[in-house]
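Along the sequence shown, residues are numbered consecutively beginning with 1. Each ligand, and each atom within it, is numbered from 1 in the order the structure gives.
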Amino acid sequence: MNFRHLDHIVEQFFDFKELPKFSVLSQGHINDTFSFQIGERTFILQKINRNVFRSPEILMRNMVIIAEYLQQNSALEHLLFPVFNKQGMAYAQDLEGAFWRVLPFIDNSYAPDTVQHTSQAFEVARMLGNFLQALHGLKPSKIQDTIPDFHNSINRYAVFDQVLGRAPLEKRRLAKSCIFAVRQYYPLFKQIASLPLPRRIVHNDPKISNVLFSKSDHQALCIIDWDTIMPGSLLSDFGDMVRTACASGNEEVRQFDQIFIKPEYFRACCDGFLPQVHSMMTETERDHLLDGVKWIVLEQSLRFLTDYLDGDQYYKISYPEQNLVRANNQMALYRSILEQEEELLTILQQSW
Ligand code: GN1
Ligand code: MG
């Protein structure tokens, strides 16, 4: 791959004698991510997806506010302070107007895609709980929405309905069972929307691959991907964590009958998470944690399904039916949670 077009971006941030060495990091469904080296130092370079983030300026402003807040008010390490360019801005633009940012690279770390051991599930949860507790004092009004209505599932369902109306017949036929299931389970979104949930600053995308672990002792080091940190609900963060850290396989698994929540991972997540957030949670939040998991898994299925029907405009894909596979995978996870509900509720109660 030719990276020469990236030199022009990096030179807006740094002076260099030798050309930087770039590598592609294939993380995430949204932004394009690279790492590069200047001398001994390694950084992350990211192109912000404008289709998803309409206002990169707001996004980067949020990031700086959050990093400064956490530096002053928490003991968290590895904060994602963006590197400022030579004009003192937290991003740079290329000749086509695309927005790029430079972030610190966390040495000696890795981002797992699935949990291999209960201790990893515990660590993800401890890290997320810590992070939410640290953000607890940051007023929601300080942070602007980077994606409005991000977890407004009722809105997302309305969009799905419109997209469905204009989707090609063949796609509608192939997605028939998932479309039917989304319709069947839709009342959950209404139930969630009717809950008196406190609005807090939350991560909004705490999937397991957004938690970095240390290569030496396998402890969680930090939570990355701050693009969607904005006012929202603690339930959706708990939900997204469980969706990815407790599942028997990731979103890409095609053997849908093998997708379920591993009870031992769920127990580890509860044990890692609850003590961190215990003091700040309201009774409504406490009573509906498992509904948060169901909500986010169902919403994720709906999001993949909508994108499949809409011509794969949002999530990156590497083969044509990938978003439908992901939607069916998440629907299988949702159904398995319905079957496991009693067992999971017992684990939650035991973890208090
Ligand atoms: C996207 O960017 P990435 O891959 O961390 C998405 C999340 C989804 C996730 C599904 C801004 O996250 O909301 O849960 O894919 N991010 C955005 O894997 O939409
Ligand atoms: Mg992301």
When you look for heavy atoms under 4.0 Å from ligand 1, do you find them on the side chain of [X], its backbone, both, or neither?
{"X": "Asp225", "answer": "side chain"}
{"X": "Arg243", "answer": "side chain"}
{"X": "Asn204", "answer": "neither"}

Between [Y] and [X], is there a cation-pi geometry (under 6.0 Å to ring centre, at most 45° from the normal)?
{"X": "Arg335", "Y": "Phe256", "answer": "no"}
{"X": "Lys171", "Y": "Tyr308", "answer": "yes"}
{"X": "Arg101", "Y": "Tyr91", "answer": "no"}

Can you find an N or O of [X] that's nearer than 3.5 Å to an N or O of ligand 1?
{"X": "His29", "value": "yes"}
{"X": "Thr228", "value": "no"}
{"X": "Arg303", "value": "yes"}

Should you measure from each heavy atom of [X], which atoms of ligand 1 turn up under 4.0 Å away?
{"X": "Phe53", "answer": "11 (C)"}
{"X": "Gly28", "answer": "4 (O)"}
{"X": "Tyr314", "answer": "11 (C), 17 (C), 19 (O)"}
{"X": "Ile30", "answer": "1 (C), 2 (O), 16 (N), 17 (C), 19 (O)"}

- Should one rank Asp205, Asn31, Ile296, Ile147 by closest heavy-atom distance to atom 5 (O) of ligand 1, which comes out on top?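 Residue with the shortest heavy-atom distance to the ligand atom: Asp205.
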- Message: Please compare Glu299, Arg326, Lys316, Glu251 and report which has the shortest non-hydrogen distance to atom 18 (O) of ligand 1.
- Response: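 The option holding the nearest heavy atom is Glu251.
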- Does the distance from a Lys or Arg side-chain N to an Asp or Glu carboxylate O, for Arg200 and Glu285, drop under 4.0 Å?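 A salt bridge links Arg200 with Glu285.
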Do [X] and [Y] meet the criterion of a side-chain donor-acceptor pair at a distance under 3.5 Å?
{"X": "Thr114", "Y": "Gln116", "result": "yes"}
{"X": "Glu264", "Y": "Thr118", "result": "no"}
{"X": "Arg326", "Y": "Asn329", "result": "no"}

- Query: Would the Phe43 and Phe105 ring centres measure less than 6.0 Å apart?
  - Reply: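 They do not qualify: ring centres at least 6.0 Å apart.
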- Run the ring-centre check on His218 versus Tyr110 and record whether the distance is less than 6.0 Å.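 Ring centroids of His218 and Tyr110 are less than 6.0 Å from each other.
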- Does Asn210 come within less than 4.0 Å of ligand 1, judged by its heavy atoms?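 Heavy atoms of Asn210 do come under 4.0 Å of ligand 1.
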